[in-house]
K.L.:
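Structure incoming, see below.
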Number of protein chains: 2
Amino acid sequence: MSASLPPFPKHQEPTDEPVLLELGSAADEPCLRADAARNRARLLEAATLLVEKHGAAGVTMEAVAVAASVGKGTVFRRFGDRTGLLMALLDHSAKQLQAAFLSGPPPLGPGAPPVERLRAFGCAALRQAVDHLELQLAAQPEPARRYSNPPQRLLSGHVGLLLRAAVPDADVTLLAQTLMGYLDPALIHHLTKECGMPLERLEAGWIDLVARVTRTELPQ
Amino acid sequence: MSASLPPFPKHQEPTDEPVLLELGSAADEPCLRADAARNRARLLEAATLLVEKHGAAGVTMEAVAVAASVGKGTVFRRFGDRTGLLMALLDHSAKQLQAAFLSGPPPLGPGAPPVERLRAFGCAALRQAVDHLELQLAAQPEPARRYSNPPQRLLSGHVGLLLRAAVPDADVTLLAQTLMGYLDPALIHHLTKECGMPLERLEAGWIDLVARVTRTELPQ
DNA sequence: TTACGATCCGGACCGAGGTCCGTTTAAAGT
DNA sequence: ACTTTAAACGGACCTCGGTCCGGATCGTAA
């Protein structure tokens, strides 16, 4: 169905979000003990301060511990590892983006046709990435886990759903990962900082990419 | 020119390779002193052995040094850092792929139409990545340099050239990076090892992706 | 209030990557 | 052969991420 190119494929969003909601949005903090919660807050605050003062590279696990007047072990118990701590720092803006495309107003949120949402999503993600580029780079997990972490899966899952609606008979998973690749912080860093491309060009590139990928006429 | 969809855009390859040839293929070894060359060989041999015996994770700089009966400092002076050593281990197959698409027989090498070369390139790269997945993963530099290293630039440069021939009026650089993203070892690892996709599906995905990206009808 | 178990804390400890610098040595010049 | 010098060597040393475990603390049930 909907294999031609007229207006839009109806843009159904009945079962659009359900699968995603449980994927890591909320309810993942298991209610800490009082002292633990206090220390967590102090650690995040200390880390934030360190980022401002010495950049992401200055966020040493021990430095954070000291700055928060806390043992080093505590940092690891709370955040698992360094990338965990860094991702916690990015958590706020990440949740914000999630909320925007899961339940915010169109064109990002439900209500707009899929391709349009896709376009909006990319631009929003692009902007958010540029804003926190340094942290985002530093928070990148080791390659083997880069695609396994919950936030990443949530994003690519969402892109997958939009794609399924737009190009129903394609390998949506693969396409989604390809699109997500365009939003990789490392790539964005390379293009903007090393190649000097302006954000606008990246946005235009995304729009174009979505258009190409989304096209439904059969190849060859 | 060549903005419609007939056969192929003539597939000119006059100025096809020149820019690339100087980009890291050869002449990057500055003629070592005798002892240095000897140690380099011993180190590579030792590293290869360690990989076979304990996997990529077993390739510790000190372990390699010891196994080669060499000081630790020597390893670093020769290879810069760990990823340098690992990339040196991958160098042989990398050069092989380069040679294949730079001067090998079609469809990979010059002589075939661009899109066809593009398809062949992806499949070849895919297979090569799958073969050395573990090393390739371990050899991944820190995010900020992932797109800066010479081999990577050579590959994306080549894809860019093929794309320019296939879709002359697109932002070929961005498209090339997008396609290269599909070949990212981390992604391939995720899809094959964690999602259980067979190589064939990835290849089909690449073919499809090339077809979509390569389409030259104007969007909307 | 007391007692108790689960949770948390802290910092000593470890391994690995990376740096430094005094010493050695290959190879070009005399 | 002898000097010279730039390159290579080696391993002590530093930093930092991550682990471990004995002891302190919180929350709760009696």
K.L.:
In this structure, how many angstroms lie between the P atom of dC26(D) and the CG atom of L32(A), rounded?
P.N.:
14 Å

K.L.:
Please check this pair: side chain of T74(B) against backbone of V70(B), looking for a donor-acceptor N/O pair closer than 3.5 Å.
P.N.:
no

K.L.:
Rounding to a whole Å, what distance do you find between L86(B):CG and dG17(C):P?
P.N.:
10 Å

K.L.:
Counting only heavy atoms and a strict 4.0 angstrom limit, can you tell me which residues of residues 37-50 of chain A come near DNA chain D?
P.N.:
none

K.L.:
Closest heavy-atom contact between L97(B) and A124(B)?
P.N.:
CD1-CB, 3.9 Å

K.L.:
For L202(B) and Y182(B), run side-chain contact (heavy atoms from CB on, under 4.5 Å): C-alpha distance rounded to whole Å, both residues' side-chain angles, the deciding distance at 0.1 Å, then the answer.
P.N.:
CA-CA 9 Å; L202(B) 294 195; Y182(B) 190 94; 4.2 Å; yes

K.L.:
In whole angstrom, give the distance that lies between atom CD of E142(A) and atom C1' of dG17(D).
P.N.:
13 Å

K.L.:
Looking at side-chain heavy atoms only, is the closest gap between Q140(A) and T83(A) below 4.5 Å?
P.N.:
no

K.L.:
Quick test: give all pairs of protein nitrogen or oxygen and nucleotides 2-7 of chain D nitrogen or oxygen below 3.5 Å, distance rounded to 0.1 Å.
P.N.:
{"from": "dA7(D)", "atom 1": "N3", "to": "R33(B)", "atom 2": "NH1", "distance (Å)": "2.9"}

K.L.:
On DNA chain C, nearest-nucleotide positions of C31(A) versus G80(B): which is more 5'?
P.N.:
C31(A)

K.L.:
Select base, sugar-phosphate, or nothing to describe what R77(B) touches, counting heavy atoms under 4.0 Å on all strands.
P.N.:
base

K.L.:
Between the main-chain N or O of F101(A) and the side-chain N or O of R117(A), is there a donor-acceptor pair closer than 3.5 Å?
P.N.:
yes

K.L.:
If the threshold is 4.0 Å, N to carboxylate O, is there a salt bridge linking R127(A) and D131(A)?
P.N.:
no

K.L.:
Using a strict heavy-atom distance below 4.0 Å, which residues from residues 52-75 of chain B are in contact with DNA chain D?
P.N.:
V70(B), G71(B), K72(B), G73(B), T74(B)

K.L.:
Any non-hydrogen side-chain atom of W206(B) less than 4.5 Å from a side-chain atom of L183(B)?
P.N.:
yes

K.L.:
Taking CZ from F76(B) and P from dG17(C), how many angstroms apart are they, rounded to a whole number?
P.N.:
6 Å

K.L.:
Is there a donor-acceptor contact under 3.5 Å from the side chain of E134(B) to the main chain of A56(B)?
P.N.:
yes

K.L.:
Can you tell me how far CG of L50(A) sits from CD of E45(A), rounded to the nearest 0.5 angstrom?
P.N.:
11.0 Å

K.L.:
Counting N and O atoms only, with roles assigned by atom type, does the side chain of R42(B) sit under 3.5 Å from a partner on the main chain of A68(B), one being a donor and the other an acceptor?
P.N.:
yes

K.L.:
With no hydrogens and no angle check, is any side-chain donor or acceptor of S93(B) less than 3.5 Å from a backbone partner on L90(B)?
P.N.:
yes

